Amino acid sequence: MKEELAKRYEPAEIEQRLYATWEREGYFTPELDASCPRFSIVIPPPNVTGRLHIGHALVNTLQDIVVRWKRMSGFNTLWLPGTDHAGIATQMVVDRDLQRQGISRFDLGREKFVEKVWEWKEKYGGEIIDQLKRLGASCDWARLRFTLDEGLSRAVRTVFVSLYDDGLIYRDLAMVNWCPFCRTAISDVEVEYRDRNDKLYQIDYAVVDSDRHLTVATTRPETMLGDTGLAVHPEDERYKDLIGKEAIVPVANRRVPIVADLILVDMEFGTGVVKVTPSHDKNDYEAGLRNDLPQLQVIDETGKMTAAAGAEFAGLDRFEARKNVLEHLRELNALRETKEYQHAVGVHGKCDTIIEPMVSRQWFVKIEPLAKPAIDVVRNGKIQILPQTWEATYFNWMENIHDWTISRQLWWGHRIPAFYCDNGHMTVSIDDPASCPTCGSSVITQETDVLDTWFSSALWPFSTMGWPDKTPDLETFYPTDVLITGFDILFFWVARMIMMGLRFTNSAPFSQVFLNGLVRDEHGQKMSKTKGNVIDPLDVIDEHGADALRFTLAVFATGRDIPLAKSRVQGYAAFANKIWNASRFAMMHLDVGLKSAGNIDRDALGTVERWILSRLNETTRDVNKSLSAFRFDEASNAIYHFFWHEFCDWYIEMVKPVLLGKHGTDQDRRHAKRVMLEVLDRSLRLLHPFMPFITEEIWQKLGGVEPSIMVAPYPVTEDVLEDNEAERMITAVTSMITTIRNVRVERGFTPKDRFKLFVTAANDREAKFFTDYAYILIELARLTEVIVGGTAPAGAHHDVVEGIAIAIEFPPREVSKEQLERTQREIERSKKELAGLDAKLANEQFVKNAPPAVVQGAQARQGELRERIAKLEQNQ
Ligand SMILES: [Zn+2]
Ligand SMILES: [Zn+2]
């Protein structure tokens, strides 16, 4: 062959060059042809602030494997990419930038600040896209979308107005999770719970016109400034007579009623008395409504105390105020007891600030009418969630779902399309109204809140294709086929897409959801900067190439936790090298490329050729089947095993004598070469979705008909290639070789010693086979000859391999004095090591205290040594 592979496999150069070619040739862009079978998938849009982390690398590798597989399998395939505007995350990044320059966003004002964010987006927002390209992602970049695009914004407004008109969006005062740092409400799912060691304070409240006290416990004494009642259980004998009386809130020195509330109060818990702070606690808020207690807001949206907290506290930070309140309580002798207290505290996941429950006016989606159909589609199988264990979690959540707080008090995002005139009328409208439809006033201002970023991503599968217009994209590619994403956003995103898709497009947005696990470090620990165990996919690509990283992720892509170590990637980089070197070897022996190779005359092939084609066929079946079930681990392992262990370790070794002219006819040589080319071609195509770069580079040199392997057909199984007889016979040959190699070592022979092999064939065909292929056994098992039939002499080693009786005759052994001495020394050394291990393992302290892996290792070595000593002594 004229073409040759470079001596060394250099992923960096190859990857850059090939990706540019693919992009330039437009291979990522599908046809707009609704008559073709098509396959479509939308990317989980990474945050525009994002930098490719290992989680992105995993989810995008898995999508790319599916996409390349489908594309090669003849589907008109779209993988639609894009990024999310990521409200809070992006606002925080730009905010921090400004702060470094000594500017506050409040100095700039909303309009200027939003301009700054857009500037930032134009400058840095494409970083993650370039990083996805380095991974090899074959997205149709011509269709790149952004959740704040004009088109997507119109979809957002259309959905908002429709839900509002149908009574499914409402505005209400409600207790929400408030982040005083970000100064916005956040939804329940954005709250993360962290264990904290706090103190539990017991505080006495004096009962009015009585010498009695009521004691309550709280972890947040500063909120007592906002108490508007005390509650006891209506059946609690201890306090029954106090219901309807009043108590005095210490420090604030305010009278509040003592009420009965059987929902809020648990008689068995604590003192059975609780303080009620309707403005600063979710349960108290409800209890306040039930008992007509007023709301008194003492903490504002920045986490500072309000004027209502009293002149002395107003303006203080909530935690500062806590200290002052405690001091006062001590002075008043109202602080009874302080205990250490461990509890889970809600924080905002994005900034780690402790959540302040707060009553505020927010916008909500009434979720139950949307959730019901979304439960049904999964129940009736229109959407399949894989792995299936996730379905129970999905149902449980969907059946207990709360209304969704969709407003955020941010500046960056989709501003809610509600407009207020100066006469207090509200209009909700897709287009900005010029005047108030109710009174005609032209003094109109838009709602300042923006929408939760998940509101726009909930529309992603159809808004990205041009909805609400009827576009060719929607016609051709919607609904999509599968969604691949991490399980951690099943509720944030997947469930909401299902709800919105069903309501606005009358169809489920996808028919399958595959939830991948989370990548952790090799010990199963979450990766984090503070632990220093983060694996940066870009570093790994620099070091080992994208193919090695992708293959590793595919092999490990099973289960909820994916333990990953850099050494694993190194292992699969060795696989890439193996592919390269085997291909290089093969190409040195090939005379023609794929284009002029001609068909294979199957009937004329020998058993070795028929065997490898049959194995490849079986591998092809496994890979296609595993990919259909999203078993990326099984698919990648099947190819790995075939290519390395069957093709490289056996096939190439078996045909070497033929290729090198040591055995066989010219026709045998032609067949061996033709089949080697065939196997290489099909293996590369099978491997392509997993390792796109190296396969393209090698395949190009093989001279395929198609301009790129990524548009060449994916291998499918062909019944004619299945050959059980060839598999049985070659399995017998490989097993015999392995057996002979083992016996050689066990009996202390060196590779120089050659044996004679006796094979008892069951019939004439087997006899002919072992006669014809004796050269393989002679070469690979280092034999002098193979005798088919015949009787082995006494002292031969007898064995049965794959149902065939064999006997190995050894050459007369001439053991030299040096050899004997060497064996003797080896026995002594092994015995000494064994004695040491025996003593160690007999020591209970060692067995108890050493890590289990160390103990197991010692035990394994102990077994090895015993076996070795026995063998050496036998051979003496
Ligand atoms: Zn926050
Ligand atoms: Zn008006």
Side-chain angles (χ1 to χ4, degrees), residues 1-5 72 578-621 623 639 642-688 695-706 709 712-727 729-731 733-734 769 772-773 775-776 779-780:
M1 249 179 108
K2 289 186 296 298
E3 293 277 7
E4 213 178 271
L5 279 181
M72 289 176 77
K578 184 81 184 173
I579 297 167
W580 188 267
N581 293 334
S583 304
R584 203 172 125 73
F585 169 83
M587 284 165 70
M588 286 194 288
H589 293 278
L590 294 174
D591 312 307
V592 290
L594 285 166
K595 239 176 261 168
S596 37
N599 288 333
I600 295 177
D601 180 5
R602 291 211 170 90
D603 298 331
L605 294 182
T607 311
V608 178
E609 277 69 34
R610 286 189 281 115
W611 164 73
I612 195 70
L613 289 174
S614 185
R615 291 308 310 143
L616 175 56
N617 195 49
E618 178 74 20
T619 308
T620 304
R621 175 175 305 137
V623 172
I639 311 179
F642 171 78
F643 195 89
W644 195 311
H645 299 305
E646 296 188 303
F647 180 58
C648 293
D649 286 355
W650 288 116
Y651 180 76
I652 291 185
E653 292 306 317
M654 284 181 186
V655 298
K656 256 184 193 167
V658 178
L659 292 176
L660 299 173
K662 282 165 73 180
H663 185 89
T665 63
D666 282 350
Q667 195 193 334
D668 292 338
R669 239 175 314 286
R670 266 202 314 281
H671 284 149
K673 289 177 184 183
R674 181 65 191 89
V675 169
M676 195 161 70
L677 178 64
E678 182 75 8
V679 174
L680 201 50
D681 167 40
R682 282 183 186 237
S683 303
L684 291 170
R685 284 188 280 136
L686 270 184
L687 249 171
H688 177 73
T695 51
E696 176 79 303
E697 180 70 5
I698 300 171
W699 195 82
Q700 288 290 339
K701 308 258 171 174
L702 291 181
V705 179
E706 295 80 5
I709 191 172
Y714 202 70
V716 288
T717 47
E718 293 174 41
D719 290 345
V720 311
L721 294 177
E722 204 176 301
D723 195 324
N724 293 328
E725 176 65 11
E727 294 221 17
M729 294 323 291
I730 298 297
T731 305
V733 169
T734 57
F769 170 81
D772 289 351
Y773 290 95
Y775 74 92
I776 293 178
E779 277 291 320
L780 301 185

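Being a predicted model, the structure only gives us computed values, none of them experimental.
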### Message
Show the nearest heavy-atom pair for residues Val716 and Arg682, with the distance to one decimal.
### Response
O-NH1, 3.9 Å
### Query
Ile612 and Met654: side chain to side chain contact (heavy atoms under 4.5 Å, CB included), yes or no, with the steps?
CA-CA 11 Å; Ile612 195 70; Met654 284 181 186; over 6 Å; no
Check residues 598-606 and write down every donor-acceptor pair under 3.5 Å in which the side-chain atom is one partner and the other belongs to a residue at least two apart or another chain.
none

#### Entry: Main-chain N/O of Arg610 paired to Ser614 side chain as donor or acceptor, under 3.5 Å
no
### Message
For Trp611, give me all partners under side-chain hydrogen bond (donor to acceptor under 3.5 Å, both in side chains), at least two apart in sequence or on another chain.
### Response
none
### Query
Can we say Glu706 and Arg685 salt-bridge, meaning some charged N sits less than 4.0 Å from an Asp/Glu carboxylate O?
no
### Residue pair Ile709 / Met72: nearest heavy atoms and the distance that separates them
O-CE, 3.4 Å
### Message
Suppose we screen for salt bridge (Lys or Arg N to Asp or Glu O under 4.0 Å). Which residues come up paired with Asp649, at least two apart in sequence or across chains?
### Response
none
### Summary
residues 653-681 vs ring-ring contact (aromatic ring centres under 6.0 Å, His included), sequence neighbours excluded, gives His663-Tyr775
### Summary
Glu779 meets the side chain to side chain contact (heavy atoms under 4.5 Å, CB included) criterion, sequence neighbours left out, with Pro657, Lys662
### Task
Could you list the residues that satisfy side chain to side chain contact (heavy atoms under 4.5 Å, CB included) with Arg669, not counting sequence neighbours?
Val658, Asp666
### Task
Quick one: list whatever passes ring pair (Phe, Tyr, Trp, His ring centres under 6.0 Å) with Trp580, sequence neighbours left out.
Tyr9
### Summary
In terms of heavy-atom contacts, Lys701 and Glu697 come closest through CG-O, 3.3 Å
#### Entry: Non-neighbouring partners of Phe642 that pass ring pair (Phe, Tyr, Trp, His ring centres under 6.0 Å), sequence neighbours left out
none
### Task
Could I get the full list of salt bridge (Lys or Arg N to Asp or Glu O under 4.0 Å) partners for Arg670, not counting sequence neighbours?
none
### Message
Restricting to salt bridge (Lys or Arg N to Asp or Glu O under 4.0 Å), what partner residues turn up for Lys578, sequence neighbours left out?
### Response
none
### Message
Suppose we screen for salt bridge (Lys or Arg N to Asp or Glu O under 4.0 Å). Which residues come up paired with Asp668, at least two apart in sequence or across chains?
### Response
none
### Query
If every non-hydrogen atom of Leu684 is compared with every non-hydrogen atom of Ile579, which pair is closest and at what distance?
CD2-CG2, 4.3 Å
### Message
For the backbone of Val679 and the side chain of Tyr651, can you confirm whether one donor and one acceptor N or O come within less than 3.5 Å of each other?
### Response
no
### Message
I'd like to check the side-chain hydrogen bond (donor to acceptor under 3.5 Å, both in side chains) partners of Glu646; sequence neighbours left out, ordered by chain and number.
### Response
Arg615
### Query
What is the distance from atom CG of Leu613 to atom CG of Asp723, rounded to the nearest 0.5 Å?
9.0 Å
### Task
List the atom of Thr620, the atom of Pro715, and the distance in Å for their closest heavy-atom pair.
CG2-O, 3.4 Å
### Nearest non-hydrogen partners of Leu680 and Phe647, listed with the distance
CD1-CE2, 4.1 Å
